[in-house]
Amino acid sequence: MASFRRAFSSSSQFLNTKDTTLSRLSEHRKLEEIVDVLCQQKRLKEAVDFLHRIHQPSPRLYSNLIAACLHHRSLELGRKVHAHTKASNFIPGIFISNRLLHMYVKCGGLIDAQSLFDEMSQKDLCSWNTMIAGYANLGHLEQARKLFDEMPQRDNFSWNAAISGYVSHHRHREALDLFRTMQEHESSNSNMFTLSSALAAAAAIRSLRLGKEIHGYLVRTELNLDEVVWSALLDLYGKCGSLDEARGIFDQMVDRDVVSWTTMIHRYFEDGRKEGGLSLFRNLMGSGVRPNEYTFAGVLNACADLAIERIGKEVHGYMIRVGYNPCSFAASALVHLYSKCGNTEIARRVFNKMPRPDLVSCTSLIVGYAQNGQPDMALNFFELLLRSGTKPDEITFVGVLSACTHAGLVDKGLEYFHSVKEKHGLMHTADHYACVIDLLARSGRFKEAENIIDNMPMKPDKFLWASLLGGCRIHGNIELAERAAKALFEIEPENPATYITLANIYANAGLWTKVAKVRKDMENRGIVKKPGKSWIEIKRQVHVFLVGDKSHPKTSDIHEFLGELSTKMKEEGYVPDTNFVLHDVEEEQKEQNLFYHSEKLAVAFGIISTPPGTPIKVFKNLRTCVDCHTAMKYISKIVQRKIIVRDSNRFHCFEDGSCSCRDYW
DNA sequence: GTAGGGTTAG
């Protein structure tokens, strides 16, 4: 600041003094100095405007100004500087021209770049490469390829610009084809840039074969590889399911940077090895390498999927301590985490703190409200979003439609479904169809559902058929249930849920021969029912219960408490619902089975282990059954507790005898 | 002196 003031005041004084050749020279130097200082102070607009007071700026000054425009990504000011060179009859050398080209492509001025490129009497490799990279990065791949094919000679840079362009726009096959072509050219050798792009392409298409080929090649070339190539390689193995191989590479790396750590952690979670992922994250925090937005987002999303809110909260605390970018997807991952864990209040608080909330966070919040039995909040929020001028996308509508499903708002849901195409100009996705079938089937509007299925533009997927089957279960529609089950057996014959639901539908109708046949089919195909499992966290300790589990140390207390509850529940009018069992057993036995469902055990344990009034939060791996759902309503009223059950599909919040899902689930 | 690569959500 001080130096600027000095330079400025001395030159202003100079303007008022008499010109001499010497003073003019010195004046010129000082004016340039002012521009430099303005640039340093990030007062770029003033610097560019000041340029008009300089008669013939030096190439150095132009070069610095162009670099500053590039740095600020200001196309407008960049154009002004360029125009100034023309106006002052300055003929830029190839160096300045290349800088201009680079500035233009980075600021999105591809047309300016192309016309400058066409005007240039002399072009070197750098000029061509800058253009190719510019087109490629912005997704104009055909244009990039055209230049690449036209250019008189190529170096590694040219190959990589074209290859990485394909990679970053998900055209991985073409990237790998070009990589192969390059290897066939005797004059070109792959380097670390081309190799890391090629590895990323192989990883993206999950081709272990191509990846191994490249791996073999990079071992043979004896290049001194850096952490970027190693991370690309470990990501390849991780993405292709060879997690241990990836870990081997990770362990051998000398310099592990934040990307290698993040990649490794991410692959652990993706493979379902959450303990490995979390312990690696802990190691990272102790390693001195600073986690970035990608790391946070990866860990938080894993916590959200596994519904481990406590660990997510710890990560959140850590993020606050070390600082994170509130505009990044780390912030939206926080919204996602709290929404998924049933904590819409915190989710909303985090959301409100985001300076520029994005569509992903909005969608997470809508889905969160929908899953937590607050469909009105979900829909109000969506309407708010529309009014703010934000354009929803296909996934936002999945949230909106599922909110309608959870609330039983059939006609409103249909209205939204039609608006996707008619009002918002978006395409219907398979998920939209699954949602709308869910909506119709639950309310027993099977004719309309079938009509949509028979006329939809794509093949119905497993989610759609499973929704239909679920609706058939509620309304006892055996004929349509058989159609849905048949389709599901074709798509995923190994899923036990289909057999069980179908058997329950038959059992409900008293069709015991058919129940036996489904059981037989299951047995013959070696399909085992996934055991129901519930867990509850008490004092930072997780307690897991299986169906009829007697292994917990407090089992006798739990059973005693359930016995007492049972009497009180029956007094209040509870009738055990015994229809939804797979086997044809004696009534009394059925009741016993149901009474010992895992979520009831977990809830009972929660109640006897916490002081009166404490809310109970239980997680279940499967959907909650009808009887448990009814029982929870009674229990919440008798013990005067808020009971939250998060099943595989949504949250149920039981309070004083009723559930937030209003019996739609 | 000017151009480039790997992790990426709902």
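Order of the sequence lines fixes the chain letters, A, B, ..., with proteins taken first and strands second; residue numbering starts at 1 for each chain.
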Selection from [options] that lies nearest to any side-chain heavy atom of [X]:
{"X": "A:N160", "options": "B:dT7, B:dG4, B:dG10", "answer": "B:dG4"}
{"X": "A:A232", "options": "B:dG6, B:dT8, B:dG5", "answer": "B:dG6"}
{"X": "A:A200", "options": "B:dG6, B:dG5, B:dA9", "answer": "B:dG6"}
{"X": "A:F329", "options": "B:dT8, B:dA3, B:dT7", "answer": "B:dT8"}
{"X": "A:V259", "options": "B:dG5, B:dT7, B:dG10", "answer": "B:dT7"}
{"X": "A:D155", "options": "B:dA3, B:dG6, B:dG10", "answer": "B:dA3"}
{"X": "A:M192", "options": "B:dG6, B:dG5, B:dT7", "answer": "B:dG5"}
{"X": "A:S196", "options": "B:dG6, B:dG1, B:dG10", "answer": "B:dG6"}
{"X": "A:N292", "options": "B:dG4, B:dT7, B:dT8", "answer": "B:dT7"}
{"X": "A:F193", "options": "B:dA3, B:dG5, B:dT8", "answer": "B:dG5"}

Side-chain-base donor-acceptor pair under 3.5 Å for [X] and [N]:
{"X": "A:D358", "N": "B:dG10", "answer": "no"}
{"X": "A:D257", "N": "B:dG6", "answer": "yes"}
{"X": "A:N301", "N": "B:dG10", "answer": "no"}

Assess whether salt bridge (charged side-chain N to carboxylate O under 4.0 Å, His left out) is satisfied between A:D177 and A:R171, documenting all intermediate values.
CA-CA 10 Å; A:D177 284 346; A:R171 286 166 60 169; over 6 Å; no

Whole-Å gap separating [atom2] ([N]) and [atom1] ([X]):
{"X": "A:F95", "N": "B:dG1", "atom1": "CZ", "atom2": "P", "value": "9 Å"}
{"X": "A:D235", "N": "B:dG6", "atom1": "CG", "atom2": "C1'", "value": "8 Å"}
{"X": "A:H432", "N": "B:dG10", "atom1": "NE2", "atom2": "P", "value": "15 Å"}
{"X": "A:W261", "N": "B:dG6", "atom1": "CH2", "atom2": "C1'", "value": "17 Å"}
{"X": "A:K391", "N": "B:dG10", "atom1": "NZ", "atom2": "C1'", "value": "19 Å"}
{"X": "A:F269", "N": "B:dT7", "atom1": "CZ", "atom2": "P", "value": "18 Å"}
{"X": "A:N325", "N": "B:dT8", "atom1": "CG", "atom2": "P", "value": "18 Å"}
{"X": "A:I366", "N": "B:dG10", "atom1": "CD1", "atom2": "C1'", "value": "10 Å"}

Quick one: label [X] by what it contacts on the DNA or RNA (base, sugar-phosphate, nothing), any heavy atom closer than 4.0 Å.
{"X": "A:S339", "answer": "nothing"}
{"X": "A:S361", "answer": "nothing"}
{"X": "A:V229", "answer": "base"}
{"X": "A:L101", "answer": "nothing"}
{"X": "A:T262", "answer": "base"}
{"X": "A:S332", "answer": "base"}
{"X": "A:E293", "answer": "nothing"}

Report yes if some heavy atom in the side chain of A:L464 is under 4.5 Å from a heavy atom in the side chain of A:V436; otherwise report no.
no

Between [X] and [N], does any side-chain N or O lie under 4.0 Å from OP1 or OP2?
{"X": "A:K239", "N": "B:dT8", "value": "yes"}
{"X": "A:R60", "N": "B:dT2", "value": "no"}
{"X": "A:H102", "N": "B:dT2", "value": "no"}

To check you understand the geometry: which heavy-atom pair defines the closest contact between A:V167 and A:S197, and what is its length?
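Scanning both residues completely, I find the closest heavy atoms to be CG2-O, 3.4 Å.
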
Any idea how A:H316 and A:Y324 line up, ring-wise: parallel (<30°), tilted (30 to 60°), or perpendicular (>60°)?
perpendicular

Is it true that the side chains of A:N129 and A:D155 contain a donor and an acceptor less than 3.5 Å apart?
yes

Tell me, which pairs form a ring pair (Phe, Tyr, Trp, His ring centres under 6.0 Å) where one or both residues lie in residues 259-290 of chain A, sequence neighbours left out?
A:F250-A:W261

Under 4.0 Å between a side-chain nitrogen and a carboxylate oxygen: does that hold for A:R273 and A:D244?
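Salt bridge between A:R273 and A:D244, a charged N being under 4.0 Å from a carboxylate O: yes.
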
Would you say A:F157 stacks on B:dA3, if stacking means ring centres under 5.5 Å apart and planes within less than 30 degrees?
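Stacking is present between B:dA3 and A:F157, given that their ring centres fall under 5.5 Å apart and the planes under 30°.
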
